[in-house]
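Working notes, structure below.
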Amino acid sequence: MIGGEAIQTEIIQKIRSGGQTELGMIYEEYRTEFLQWITKEYDCSMDDGKDMYQLAILIFYDNIKRGKLEHLVSSVKTYLFGIGKNLAKDNMRKEKKFIPITQEKWIKEYLIDEPDQPVDENIFAMAKKALAQLGQPCQRLIELFYYENKNMQEITEAMQYKNPETAKNQKCKCMARLRKLVDEEIAKNSNILNHEAY
Amino acid sequence: MKPTDDDINLVERYFDAELSAEELSHFNSRVEHDEAFKALFQREKIIIGAIRNQGLIDNLQYLKSVEEKIQGNQSHSTGLGRNWYYYAAAAVVAILIAITYLLPGKQSSEELFASYFAPYPNVFEPTVRGNELTTDRSQAFQAYERKDYQTAASGFKALLNVNEEPGILLLLGNSNLMLGNTKEAQENFVTLINKYDDLDLQAKWFLSLSYLRSGDKDSARKILEELGEAEISYASKAKELLEKVN
């Protein structure tokens, strides 16, 4: 196993400044052990184990990107197994027995940080539709900023902008365009509803 | 009422963590008391949620492609792994016949070993090209895959000192067989058989081969008979399959 506090910190730093390559490396490093453990511990199939491992890796990655995880007191392996354990237990608590996880549904629920304030599903669906219409490079730029939590200097380098100010301007323009597309989707939707009402 | 550009800008700066403490306090108060502003805030939150959702979905798809690549590599590199049971089961019968009826006439036990021994594939942690990691653990597996058994054996021994794992014991035994360290290999396989339920068949198979190599035909026969009895239906299935393949 990858060991030592310095190495754990190095892994976190690499993921923090990296992207999918680092994500894939971590995935491969702990995959076999995780699958052996989770399938035995929770009596689930290999495919269910893989679904949970993929979610565990995504949470680990997301926690690092959002600055929630800067240092590890244990090891990456222990951390990942801990996430896996919570995922399996949460799944079993809801369903009383282990049933396969729907990853997309789970990801959507994971993003809701205030469970008492339900997200407007319709607007969320329209925002997703608008995002798909936004196109590149805007989509990539705002994903780097809001999902990967990259700063403007990192975005400048990744997307080869002239300087961070240009990147920032571009990001504001992309968000303005996205809001406009969302508004159009909402308007389109309310027109359909009005037509249906008549 | 259409939101003003200033309000839109303010909400964007909130989510970009650019507001001062004073601005933040004013902002929170407006969210609490101004319904239109609250709606604007909620919409921006959903938009950013959709962006993050897309990022997660993109990375999930990426992980699925990595998984597919691993599966592809495993089915390629473990061609022997999957057929291993069939091969070993058929070989058990063949070696038993050879030991019982043909020796010492035709083949020596060393020759039988050479005919039937092939190192067990690394099905435990196969290396994916281009994504090699430089940990002691991955280096030991990588050395095994490139047939550098000396480096692999040293690496596996070090790993076993920290934590004993059946897969590593099996590969260490195989490395020792390749290096001619027959006695050490036998110790590895005996430990594996005595301590773990996993990989029992494999360990017994390689232990019998290691006995053949050291000329201890009686011990080899004993294990092979045990394997033959336990896997008798398996062995006939293997022969049937092999006939079909041929």
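Because the structure is predicted, anything quoted here is derived from the model rather than measured. Every chain is numbered from 1, with letters handed out A, B, ... down the list of sequences.
- By the 4.5 Å heavy-atom criterion applied to side chains, A:D51 and B:K64 are counted as neighbours.
- If you tally non-hydrogen atom pairs under 4.5 Å between each of B:N9, B:I47, B:I8 and chain A, the highest count goes to B:I47.
- For chain A, no part of B:D136 is nearby; none of its heavy atoms comes within less than 4.5 Å.
- Counted within 6.0 Å of CZ on A:R16, heavy atoms from surrounding residues, nucleotides or ligands total more than 12; the atom is thus considered enclosed.
- A:Y146 and B:D16 share a donor-acceptor pair across their side chains, judged by distance under 3.5 Å alone.
- Across A:K50, A:Q36, A:K108, the residue that shares the most heavy-atom pairs under 4.5 angstrom with chain B is A:K50.
- At least one side-chain heavy atom of B:E12 sits under 4.5 Å from a side-chain heavy atom of A:K171.
- Using a 4.5 Å heavy-atom cutoff, the side chains of A:V182 and B:I46 are not in contact.
- Annotation: maximal heavy-atom pairing with chain A below 4.5 Å, among B:S65, B:G55, B:G49, occurs at B:G55.
- At least one side-chain heavy atom of B:R43 sits under 4.5 Å from a side-chain heavy atom of A:D183.
- A salt bridge links B:E67 and A:R31; the closest N-O separation between the charged side-chain nitrogens and carboxylate oxygens is under 4.0 Å.
- With a threshold of 4.5 angstrom between heavy atoms, A:L131 approaches chain B through side-chain atoms but not through N, CA, C or O.
- Contact annotation: the side chain of B:N53 approaches that of A:K128 to within less than 4.5 Å [non-hydrogen atoms, C-beta and beyond].
- Looking at A:K168, the atoms closer than 4.5 Å to chain B (heavy atoms on both sides) all sit in the side chain, from C-beta outward.
- Residues of residues 147-161 of chain A lying under 4.5 angstrom from chain B, judged on non-hydrogen atoms, are A:Y147, A:E148 by number.
- Although no hydrogens or angles enter the test, the distance criterion places no donor-acceptor pair under 3.5 Å between the side chain of A:Y27 and the main chain of B:V66.
- No other option in B:I57, B:N163, B:L60 has as many heavy-atom pairs under 4.5 Å with chain A as B:L60.
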